[in-house]
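Here the structure is laid out as structure tokens; the discussion comes afterwards.
No hydrogens, no waters, no symmetry mates; every other heavy atom, side chains included, goes into these values.
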Amino acid sequence: MVFPKPSSESDLFLYSNFASPYARDSLPRFSMPENSMPKEVAYQNIHDELQLDAIPKLNLASFVTTSMEEECNKLIMESINKNYVDMDEYPATTDLHNRCVNMIARLFHAEIEENENAVGAGTVGSSEAIMLAGLAFKKKWHNKRKAEGKAYDKPNLVTGSNVQVCWEKFARYFEVELREVEVREGYYVMDPAKAVELVDENTICVAAILGSTYNGEFEDVKLLNDLLLQKNKQTGWDTPIHVDAASGGFIAPFLYPELEWDFRLPLVKSINVSGHKYGLVYAGIGWVIWRSKEDLPEDLVFHINYLGADQPTFTLNFSKGSSQIIAQYYQLIRLGQEGYRSIMENCRENAMVLKENLEKSGRFSILSKDNGVPVVAFCLKDRSQYDEYKISEMLRRHGWIVPAYPMPPAAQHVNVLRVVIRAEFSRTLAQRLVFDIYNVMHELDKLHPPKVINNIKEENKGLVESGVKNTVLDAHREIIAHESNKRQKIMAA
């Protein structure tokens, strides 16, 4: 590569700082530039523009991990130039992938022997994992119907209306009718009984969510399994279940080990989970696990010669990086079950701190559940002065990204604010968020006073009695005192 030569030695210095001519030019937006620029200038300009992005740790809209240990970051950089698809060239990486599949499958109670390899695949996220699982269900249903001499042109899939958009993509891309169970106010997940009512002989599977995107709630997979078993027995069908555990798959095994949602239930044939959510890896890794080889049709699987042995592969992507697979293996062996359990417990406790302090304000209704993904979803009790979108907008001024959005159809008149508590969200940040929410409410109350006030003194008295603080400072003091009392009780125990 040829770079333009500077006209003098002094230009060598100027090219690398803000005194250079490049500081007066905008970066190209639409067409590739004719000339090259010094690497320092390219870096500095891009770096500066990216400062306009939000701080990832304060992005409470996202489930995706934003922080990993330095040792893992080093492994990521050391393997960033490895293409995972080159299995013959990178056999050690392929082996780490297979180890992850085996560990996750056993975490989900797959029916495999002690030294038997599990059936699964690493993906770029749960969206690809869901596409693969859906294709497997459709192909298996198709093959069965064809062998029986029955029509196979109208497959359908049953979900709740609270599913993530990737399920809608699957249905549209692969021509499957999507039958959605509508949620309702106060019940924001799929009703298992209503889901089973929608099942017919053309249903390729029923998809249950372990951790709703809207409020973090777990759907009742056990009840769905029991009801579907009864219907299958009555009709002679064998409609299976897929569990979308994108958010909850790395939470339930450690916080709720007795909860039956996985391969312990006979109709659960496949599970997807996001490694880049509570699997604690940066964005770009998901996993799909099948109960057994029989649940993944052989005609969907490609076979690669791997060190003289057969390596089956089933993906939508071809080339992809190895870094996230290696990072997932690092987390699994570095943290172990003890570490994951401790992190998930911390997330749950920090979520409870936020929830309890929001309830104390007297201004919010909590729509999330205590048992589920550590998410706090809440809405205003009184929206006559301002709404949840205004609170979200004001919190951005403090650096926080807290999304406001409507619930799914049939409950879309309910707007919610949602805070995702991730591993890197500390107790200090939880307390600061509460402080800033109180601050925002105080500001909005001044900007949007009630339209009719008969007696200001009586109104203020009522606010204090209902738990709303007159000053942000009072609220902050109470939070600190509450946490201090809890620590003293623990130490005294």
Side-chain angles (χ1 to χ4, degrees), residues 39 42-43 46-47 50 53-57 59 62-107 117-132 166 245-247 249-251 271-289 302 304 306-307 311-337 339-340 343-344 420 422-425:
K39 60 182 182 294
Y43 169 81
I46 296 172
H47 172 81
L50 289 174
D53 280 345
I55 300 171
K57 186 171 285 191
N59 178 11
S62 177
F63 289 87
V64 176
T65 297
T66 61
S67 179
M68 298 186 74
E69 294 175 330
E70 188 56 36
E71 290 76 10
C72 192
N73 290 335
K74 287 171 63 178
L75 286 172
I76 288 172
M77 294 309 300
E78 290 168 4
S79 58
I80 202 165
N81 57 353
K82 291 182 181 179
N83 186 355
Y84 172 70
V85 76
D86 295 331
M87 296 181 180
D88 194 46
E89 289 82 353
Y90 305 122
T93 300
T94 301
D95 194 38
L96 295 191
H97 167 276
N98 294 341
R99 293 181 199 177
C100 289
V101 169
N102 285 327
M103 290 181 186
I104 296 169
R106 285 168 172 80
L107 193 65
N117 284 322
V119 181
T123 62
V124 294
S126 275
S127 291
E128 183 191 2
I130 284 168
M131 300 288 173
L132 296 176
C166 60
S247 300
F250 278 108
I251 293 173
I271 300 170
N272 69 275
V273 64
S274 291
H276 58 223
K277 293 182 180 177
Y278 289 95
L280 308 179
V281 179
Y282 295 135
I285 185 67
W287 303 93
V288 57
I289 309 293
F302 291 83
I304 294 175
Y306 161 62
L307 294 181
Q311 173 68 37
T313 177
F314 177 36
T315 61
L316 292 179
N317 290 288
F318 193 68
S319 293
K320 66 178 178 182
S322 297
S323 296
Q324 264 64 9
I325 291 171
I326 293 167
Q328 183 73 83
Y329 184 67
Y330 172 91
Q331 293 290 55
L332 291 174
I333 66 168
R334 158 77 175 102
L335 296 172
Q337 296 195 30
Y340 271 93
I343 288 171
M344 302 312 156
V420 178
R422 301 189 302 270
E424 57 269 30
F425 190 77

For Tyr278 and Phe250 the tightest heavy-atom approach is O-CB, 3.3 Å
Can you name the ring-ring contact (aromatic ring centres under 6.0 Å, His included) partners of Phe425, sequence neighbours left out?
-> none
Would you check if Tyr330 and Val281 make a side-chain contact, meaning some heavy-atom pair closer than 4.5 Å?
-> no
Ser62 meets the side chain to side chain contact (heavy atoms under 4.5 Å, CB included) criterion, sequence neighbours left out, with Asn59, Val64, Arg422
Do Glu424 side-chain atoms and Lys57 backbone N/O form a donor-acceptor pair below 3.5 Å?
-> no
Closest heavy-atom pair, Tyr84 versus Thr94, reported as atoms and distance to 0.1 Å, is CE1-CA, 4.1 Å
Gln328 and Gly279: which non-hydrogen atoms are nearest, and at how many Å?
-> NE2-O, 3.3 Å
Hey, could you give me each pair passing salt bridge (Lys or Arg N to Asp or Glu O under 4.0 Å) that has a residue in residues 321-330? Not counting sequence neighbours.
-> none
Report the distance from atom CG of Leu96 to atom CD1 of Ile326, rounding to the nearest 0.5 Å.
-> 6.0 Å
Salt bridge (Lys or Arg N to Asp or Glu O under 4.0 Å) partners of residues 64-77, not counting sequence neighbours, each pair once = Glu69-Arg334
With rounding to the nearest 0.5 Å, note down the distance linking CG in Leu75 to OH in Tyr329.
-> 11.5 Å
Nearest non-hydrogen partners of Thr93 and Ile325, listed with the distance | O-CG2, 4.5 Å
Intermediate values then yes/no, side-chain hydrogen bond (donor to acceptor under 3.5 Å, both in side chains), Ser274 and Ser126 | CA-CA 5 Å; Ser274 291; Ser126 275; 2.7 Å; yes
So which heavy atom on Cys100 is nearest to which on Trp287, and how close?
-> CB-CH2, 3.4 Å
With Val119 via side chain to side chain contact (heavy atoms under 4.5 Å, CB included) - residues at least two apart = Trp290, Lys293, Leu296
dist Gln337:CD -> Met344:CE (nearest 0.5 Å) comes out at 12.0 Å
Those residues that, when tested against Gln324, pass side chain to side chain donor-acceptor pair (under 3.5 Å) (two or more places apart) | none
Can you tell me how far the CG atom of Leu280 sits from the OG1 atom of Thr65, to the nearest 0.5 Å?
-> 5.0 Å
Which heavy atom in Ala121 sits nearest to a heavy atom in Val101, and how many Å separate them?
-> N-CG2, 4.1 Å
Would you find a donor on one side and an acceptor on the other, under 3.5 Å apart, between the side chain of Thr123 and the backbone of Gly286?
-> yes
Considering residues at least two apart in sequence or located in another chain, which fulfil the side chain to side chain donor-acceptor pair (under 3.5 Å) criterion with Thr315?
-> none
Hey, are the side chains of Glu89 and Asn83 touching, using non-hydrogen atoms and a 4.5 Å cut-off?
-> no
For Arg99, check salt bridge (Lys or Arg N to Asp or Glu O under 4.0 Å) against everything at least two apart and list the hits.
-> Asp95
Counterpart residues, side chain to side chain donor-acceptor pair (under 3.5 Å), relative to Asn117 (two or more places apart) = Asn102
Any residue meeting side chain to side chain contact (heavy atoms under 4.5 Å, CB included) with Leu316, in chain and number order, not counting sequence neighbours | Glu128, Met131, Leu132, Leu135
Sorted by chain and residue number, the side chain to side chain contact (heavy atoms under 4.5 Å, CB included) partners of Ile76 (sequence neighbours excluded) come out as Met68, Cys72, Asn73, Tyr282, Ser323, Ala327
Please identify each residue that fulfils side chain to side chain donor-acceptor pair (under 3.5 Å) with Ser247, with sequence neighbours left out.
-> none
More than 12 non-hydrogen atoms from neighbouring residues, nucleotides or ligands closer than 6.0 Å to CG on Leu50, yes or no?
-> yes
